[in-house]
Amino acid sequence: MGWTATSVAASLAAAVGLRGRWATPYSAAHAAGRAQRGGPDTDTVFARAYARRRASASAADAKALDTARVTLAGDSAIIERAVASGAPITAVAGFAAAWDTFPRTAQETIRRPQGAGLGHVRFGTVRAAQVDETTCGAAVMAMMLMMGDPLVAAWLMTGRHFGDYLPREVLAVTLDGTGSRTIDERWHALQRVLHHQTTRSGLLVAPWPRALGTPPWRVDDETRFAGVRFRGAVLDDSDAGAVTAAVAHASAALRDGIPVPLYTSGDSDAGLATVVPRHVVLLTGRTEHGFQVYEPGSGRIVPLAEARLFGPGPKEPAYGQWTRASWLVLPQVRRGH
């Protein structure tokens, strides 16, 4: 069996007692329990953030939030996402007031940026693919961002913002001064901004070479999703216990409404250039036998069997045609959750 850089790193860390806490049997069992808690639409990270913010709001702000939820009726979960993103209540109210003016295609993307089911993901007529071979990580972060922040998704689809509030990534695109008149231009600009943010200090004080893509240890720092903090999990996919733990943590995150970035690679059998993380995909949903995965190279949602995560195999479409799983970006669990 070929080896990967992350399998070697994880094995060496375990040998000296530095195995990641996420991979311990206790942590894996706890995550498996959280993955089974309730239904997928109840007690999510968004619902809890909304409840906390409403509880601390003034009477006027609480009324504005209630009105926004009523305005969107069956789509009230979108308001929970908007509130969890940290947007000002005035911006959330403005977004809700504008909802019925959005085209149907815009509403569909805001509701579910990753689309419904398997197949191509499109923003209107624009294919949701990475801009170039270096921006798989940026495309994954952009998809994740829109799944967590409907105001970013609304900007992507309509070019609109609400009041004087611009999400920080939208502000960065605006200050960048590149074209953002069309959905295609905005999708590309969003990837460029996120790629710049993750590579500008990828080597501590020095920038990461952009041609090498997105360093995994920067994704956990730069990902903005419902106020959640993230951590990198170096994966040895030849270790069945570690993979079982990774599946449990990913399942718990998805049950909470949080997608999970997954880095993939080749191994030593394919050459030393392939042993490091080379591609990024996004786990967007749990299925009976595995996961649904956004693969930015093709711009599609594809299936991934849980069994495929265990060790080497043939080129995997859900891995972007790579063969090994090597690194996950997982949410840090707060006490009491």
Side-chain angles (χ1 to χ4, degrees), residues 1-20 22-23 129-141 191 194-196 198-222 230-247 250 260-283 293-298 302 304-305 307-330:
M1 179 191 298
W3 52 269
T4 69
T6 54
S7 67
V8 171
S11 296
L12 291 173
V16 295
L18 295 177
R19 187 173 188 171
W22 66 272
Q130 62 192 74
V131 174
D132 58 44
E133 63 183 10
T134 71
T135 58
C136 54
V140 159
M141 291 178 69
Q191 289 186 55
L194 291 170
H195 190 48
H196 172 70
T198 53
T199 58
R200 62 187 172 188
S201 56
L203 296 172
L204 297 179
V205 296
W208 178 260
R210 295 191 187 183
L212 298 182
T214 306
W217 52 88
R218 292 290 292 151
V219 173
D220 52 341
D221 291 336
E222 292 292 335
F230 293 87
R231 58 181 174 178
V234 179
L235 180 63
D236 176 3
D237 69 348
S238 65
D239 179 342
V243 176
T244 299
V247 168
V260 177
L262 169 67
Y263 275 77
T264 63
S265 69
D267 60 30
S268 57
D269 287 347
L272 293 181
T274 75
V275 302
V276 297
R278 297 296 301 270
H279 189 57
V280 196
V281 299
L282 186 67
L283 308 183
V293 178
Y294 166 62
E295 198 289 290
S298 63
V302 294
L304 174 65
R308 180 62 185 84
L309 288 160
F310 291 80
K315 290 183 178 180
E316 171 59 54
Y319 288 177
Q321 300 302 332
W322 294 92
T323 60
R324 306 287 293 267
S326 57
W327 189 302
L328 296 94
V329 179
L330 297 171

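Small disclaimer: the values here were computed from a predicted structure and weren't measured.
Heavy-atom minimum distance, Gly320 versus Val281: N-CG1, 4.4 Å. Across every non-hydrogen atom of Pro277 and Tyr263, the tightest pair is CB-CD2, 3.6 Å. Counting all heavy atoms, side chain and backbone alike, Leu328 lies closest to Ala246 at CD1-CB, 4.0 Å. The minimum heavy-atom distance linking Arg278 with Ala273 is given by the pair NH1-O, 2.7 Å. Closest heavy-atom contact between Leu304 and Leu283: CD2-CD2, 4.4 Å. Nearest heavy-atom pair across Ala233 and Leu330 is CB-CD1, 3.8 Å.
For Thr4 (side chain) and Ser7 (main-chain N/O), a donor-acceptor pair under 3.5 Å exists by modelled atom type. In this structure, the side chain of Thr264 does not engage the main chain of Arg324 through any donor-acceptor pair within 3.5 Å. In this structure a side-chain-to-backbone donor-acceptor pair under 3.5 Å is present from Gln130 to Gly297.
Under the 4.5 Å side-chain criterion, counting only non-hydrogen atoms from C-beta, Val275 is in contact with Ser268. At a threshold of 4.5 Å between non-hydrogen side-chain atoms, the residues Leu235 and Ser326 do not count as touching.
Not counting sequence neighbours, the partners of Arg308 by the salt bridge (Lys or Arg N to Asp or Glu O under 4.0 Å) test are Glu316.
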Let me see the working for Val302 and Tyr319 under side chain to side chain contact (heavy atoms under 4.5 Å, CB included), right down to the final yes or no. CA-CA 10 Å; Val302 294; Tyr319 288 177; over 6 Å; no

Stepwise side chain to side chain contact (heavy atoms under 4.5 Å, CB included) test for Leu262 and Val293: CA-CA 9 Å; Leu262 169 67; Val293 178; over 6 Å; no

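No hydrogens or angles considered: nothing links the side chains of Gln321 and His279 as a donor-acceptor pair under 3.5 Å.
Separating the CZ atom in Phe310 from the CG atom in Asp239 is a distance of 9.5 Å, to the nearest 0.5 Å. Note that the CH2 atom of Trp3 and the CG atom of Leu272 stand 5.0 Å from one another [nearest 0.5 Å]. Atoms CG and OG1, from Asp267 and Thr6 in turn, are 10.0 Å apart once rounded to the nearest 0.5 Å.
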